[in-house]
Every structure is written in C-alpha cells, then in structure tokens.
Amino acid sequence: QVQLVESGGGSVQAGGSLRLSCAASGSTLDITAIGWYRQAPGKQRELVATISSGGSTNVADSVKGRFTISRDNTKNTMYLQMSSLKPEDTAVYYCNANAFFRREYWGQGTQVTVSS
C-alpha cells in the first residue's frame, strides 16, 4: 500500500509561482511512476506531468516551459514547481502513483487558484 499527501496549494496572482509537494509513504519501492493531474470545474481530469523511477519526465503541452516536475527519493517526495501561472491553471491538483501489479494510488487533492 502507498499513501500520498499533497501540500503547497493556495491562491496566487497571475504570473506568480507555487510549488506543490506530494509525500509518499508505505510501499514506496513498488512505485514505477508518479505524476500530477488536475481538474478544473466542469472539466475532465487531465494529466499535467509525470516522472518515472529512472527520472524521465513528461510535461503536458499546456504547461511546458512553465511547470517542472522533480522527485527526491531520499525524502520520498515529488514536487511540481509552477511558474508564470495563468488563470486557466486554476484547478484541484492530484498526486498519482502507479505501482507494480497494476496498482494505482491517489492523493486527496490540493486547490490552486490563480487570479487575474
């Protein structure tokens, strides 16, 4: 079992920055890939960025050049550094982890609000 807890959400003005954190606990060695999703009101949940156990990253075109995903294996923590934030980035951001045996885990979500 893996537990995921997000933090770092909040309200910021357009052009500002936030850093989201996702702390993992439990059977963290079973995790093969972790990433961030987001869901805005009335919209489907979308993939924002992923990072594999080997450190390979993928970032959605909508946030490429503005968001950076990273992980600290010593601390079992994943980060999403968000800069040049836009109002359309407003959403609930969720931490997600894939593990061996087709297991999938989710955090509770953290709200990010960007005002103009």
Side-chain angles (χ1 to χ4, degrees):
Q1 297 292 320
V2 175
Q3 296 79 44
L4 305 172
V5 180
E6 301 101 330
S7 62
S11 298
V12 65
Q13 293 183 341
S17 299
L18 284 173
R19 188 180 74 162
L20 305 183
S21 299
C22 174
S25 60
S27 302
T28 58
L29 293 178
D30 291 339
I31 297 175
T32 57
I34 52 177
W36 292 94
Y37 285 75
R38 68 184 182 185
Q39 187 168 27
K43 303 291 185 180
Q44 294 185 350
R45 188 172 299 184
E46 64 175 342
L47 181 63
V48 177
T50 62
I51 184 166
S52 71
S53 59
S56 299
T57 61
N58 286 283
V59 182
D61 289 340
S62 59
V63 302
K64 192 169 297 181
R66 300 187 296 117
F67 291 11
T68 301
I69 188 171
S70 62
R71 64 189 296 174
D72 186 335
N73 291 333
T74 301
K75 299 179 179 179
N76 288 322
T77 301
M78 174 181 64
Y79 305 96
L80 185 67
Q81 179 64 52
M82 306 183 295
S83 61
S84 301
L85 283 163
K86 305 175 181 179
E88 48 263 45
D89 295 320
T90 296
V92 177
Y93 284 71
Y94 297 90
C95 181
N96 168 263
N98 290 332
F100 291 122
F101 310 112
R102 295 182 294 173
R103 295 172 178 171
E104 187 176 41
Y105 304 93
W106 293 90
Q108 80 288 347
T110 184
Q111 177 71 49
V112 172
T113 302
V114 184
S115 62
S116 59

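Treat the numbers as computed from the prediction; the structure is a model and nothing was measured. The figures here come from the full heavy-atom set of this structure, side chains too, leaving out hydrogens, waters and symmetry mates.
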dist Ser115:OG -> Leu85:CG (nearest 0.5 Å) comes out at 10.5 Å
Residues Leu18 and Gln81: closest non-hydrogen pair is O-NE2, 3.6 Å
In terms of heavy-atom contacts, does CD of Glu104 have more than 12 from other residues, nucleotides or ligands at under 6.0 Å?
yes
Would you confirm whether Glu6, through its side chain, and Gly109, through its main-chain N or O, come within 3.5 Å as a donor-acceptor pair?
yes
If you look at every heavy atom in Gly9 and Val112, which pair is closest and at what distance?
CA-CG2, 4.3 Å
Looking at every non-hydrogen atom in both residues, tell me the closest pair between Ile34 and Ile69 and how far apart they are.
O-CD1, 4.3 Å
I would like to know whether Lys75 and Ser21 meet side chain to side chain contact (heavy atoms under 4.5 Å, CB included); could you show each step before the answer?
CA-CA 11 Å; Lys75 299 179 179 179; Ser21 299; over 6 Å; no
Quick one, Arg38 with Leu80, criterion side chain to side chain contact (heavy atoms under 4.5 Å, CB included). Give me CA distance, side-chain angles, the key distance, then yes/no.
CA-CA 12 Å; Arg38 68 184 182 185; Leu80 185 67; over 6 Å; no
Answer with yes or no whether the hydrophobic clustering places Leu20 together with Val5; edges join I, L, V, M, F, W, Y residues whose side-chain heavy atoms lie under 4.5 Å apart.
no
Rounding to 0.5 Å, atoms CD (Glu88) and OG (Ser116) come to a distance of 10.0 Å
Would Gln44 and Glu46 count as a side chain to side chain contact (heavy atoms under 4.5 Å, CB included) if you check the C-alpha gap in whole Å, the side-chain angles of each, and the deciding distance to 0.1 Å?
CA-CA 6 Å; Gln44 294 185 350; Glu46 64 175 342; over 6 Å; no
Is it the case that more than 12 heavy atoms not belonging to Leu47 sit under 6.0 Å from its CG atom?
yes
Could you report the tightest heavy-atom contact between Cys95 and Met78, atom names first, then the distance?
SG-CE, 3.4 Å
Straight-line distance of Ser27 OG to Tyr105 OH, nearest 0.5 Å
6.5 Å
For residues Ser17 and Ser84, report the shortest heavy-atom separation together with the two atoms involved.
OG-N, 4.4 Å
The criterion is salt bridge (Lys or Arg N to Asp or Glu O under 4.0 Å); which residues satisfy it with Arg66, sequence neighbours excluded?
Asp89
Please confirm whether the backbone N or O of Asn98 pairs with a side-chain atom of Thr32, one donor and one acceptor, at under 3.5 Å?
yes
Donor-acceptor pair, Ser52 side chain versus Ala33 backbone, under 3.5 Å?
no
To the nearest 0.5 Å, what is the distance between CD1 (Ile31) and CG (Asn76)?
7.5 Å
Can you tell me if Gln108 has over 12 outside heavy atoms packed within less than 6.0 Å of its CD?
yes
Identify the two heavy atoms, one from Val2 and one from Leu4, that lie closest to each other, and give their separation to 0.1 Å.
CG1-CD2, 3.8 Å
Can you get from Met82 to Tyr37 by hopping between Ile, Leu, Val, Met, Phe, Trp and Tyr side chains that sit under 4.5 Å apart?
no
I would like to know whether Thr90 and Gln111 meet side chain to side chain contact (heavy atoms under 4.5 Å, CB included); could you show each step before the answer?
CA-CA 8 Å; Thr90 296; Gln111 177 71 49; 4.0 Å; yes
Provide the full list of ring-ring contact (aromatic ring centres under 6.0 Å, His included) pairs with a residue in residues 38-94, sequence neighbours left out, each pair given once.
none
